[in-house]
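What's counted below: heavy atoms across the whole structure, side chains too, no hydrogens, waters or symmetry copies. We count residues from 1, following the sequence as given. Each ligand, and each atom within it, is numbered from 1 in the order the structure gives.
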Amino acid sequence: MILGIDLGGTKSAALVLHEDGVVVRRVAAPTPAHAGAEALFAFLVGLAQQVRGPETLTGVGVSAGAPADAQNGLVFAAPNLPGWGPEGFPLAARLADVLHLPVQLENDADATALAEWRFGAGQGTKNMAFLTVGTGIGSGLILNGALHRGRRGAGGEVGHIAVVTGPEARSCSCGLRGCLEAYASGPSVTRIAQERGWQGEASGRAVVEAARAGDPICRGALAQAAEHLGAGLATLAMLLDLERIVLGTLAVHAADLLLEPIQQSLRARAWPRLTEGLEVVPAALGDRAQDLAALCAFAPSAPAPSAPTNGGTL
Ligand SMILES: [Zn+2]
């Protein structure tokens, strides 16, 4: 069995679960996100000790909602989790010292990509991309049957590919201009709708509901998001020759509004040879995603020999 830790900006959880994804026990608490690295560390240790029971554990998987260097077990400060500091905190080594277990951590987008690949909408592929289209746009790439981390674990920042250039390109929270995230994240879609005169509740979900009800401004903002998402995915398709692209969060809640226009935009911008048979599908794990991401941070593939899982194939 595995001890999983899901570290989030607002809430964190620790859980004991089987290697096949069945959760035995789970505790969760609000994250003291601004309390500093040592306080955050003590909080996570507390959660882990609280959830630990008589089971024999083989290791700890941490899915961190913050930039992470998986090879070196470091987490770095993020806007919603500033406590880790810019130099990085050796979370894996510190947890291993206290819990006396091997620890592997991954950035949550990479860990969720692994979870969707192993248990969800990415099952059966060798080359897939996972994009979460939520507060930000995070992504993880599975290439040739393994997670692609790149030189320092920072690869796959699809949300910050430039999809608009020139003076009209929108500023992005990362400091660049024209990034996909500046057009297609939940807050960006909301802001664009507001700039065009929409006066409803400031949330991505509210924009989606209004678009479904026929509001022309919200429909326009989502259509623009889909257009740019398709452009970003076309770059991925041309570069990586993928089998499947799995889209999470906004693309799951608004699949009826987004998936078809995303695919049209993608097909208009990439060669047919690279888009034929390329599936663009919503993520399948729903609220199990975080738990399974923590598992997959430690156990990215099923232990062999093992019965195949059937966790939510589309
Ligand atoms: Zn950016």
Side-chain angles (χ1 to χ4, degrees), residues 8-10 33 63-70 74-82 84-86 88 106-113 129-141 147-196 202-204 207 220-240 242 245-252 254 258 261-262 265-266 269-270 280 283:
T10 52
S63 170
D69 174 344
L74 303 172
V75 284
F76 299 88
N80 63 348
L81 263 174
W84 298 118
E106 295 284 359
N107 162 265
D108 61 350
D110 283 344
T112 309
F130 167 76
L131 272 77
T132 169
V133 185
T135 310
I137 296 184
S139 64
L141 301 173
L147 179 68
H148 175 76
R149 292 204 186 93
R151 182 164 57 103
R152 284 180 299 199
E157 286 292 353
V158 180
H160 302 279
I161 289 177
V163 292
V164 176
T165 56
E168 80 283 9
R170 295 180 70 85
S171 297
C172 181
S173 59
C174 75
L176 298 176
R177 296 172 72 86
C179 298
L180 177 57
E181 185 171 302
Y183 294 87
S185 71
S188 296
V189 170
T190 307
R191 212 170 302 124
I192 288 166
Q194 287 174 323
E195 286 168 11
R196 294 175 181 177
S203 79
V207 171
L222 282 170
Q224 184 187 40
E227 178 86 17
H228 291 311
L229 276 165
L233 300 192
T235 301
L236 285 185
M238 292 295 278
L239 196 63
L240 301 173
L242 299 167
I245 297 172
V246 178
L247 301 177
T249 320
L250 190 59
V252 174
L258 288 173
I262 287 171
S265 169
L266 162 61
R269 289 177 167 84
V280 180

| task | Step by step, work out the salt bridge (charged side-chain N to carboxylate O under 4.0 Å, His left out) result for Arg269 and Glu227. | result | CA-CA 10 Å; Arg269 289 177 167 84; Glu227 178 86 17; 2.9 Å; yes

| query | Protein N, O or S atoms less than 2.8 Å from the Zn ion (ligand 1), ignoring waters? | reply | His160 ND1, Cys172 SG, Cys174 SG, Cys179 SG

| When you measure from the side chain of Ser188 to the backbone N and O of Glu181, does any donor-acceptor pair fall under 3.5 Å? | yes

| query | Checking Ser265 side chain against Pro261 main chain: does a donor-acceptor pair fall under 3.5 Å? | reply | no

| field | side-chain contact (heavy atoms from CB on, under 4.5 Å) partner of Leu131, the single match among Val280, Leu141, Thr112, Leu233 | value | Leu233

| task | Mark yes or no for whether Asp69, through its side chain, and Val75, through its backbone, hold a donor-acceptor pair below 3.5 Å. | result | no

| With a 4.5 Å limit on heavy-atom distance, are the side chains of Leu247 and Ile262 in contact? | yes

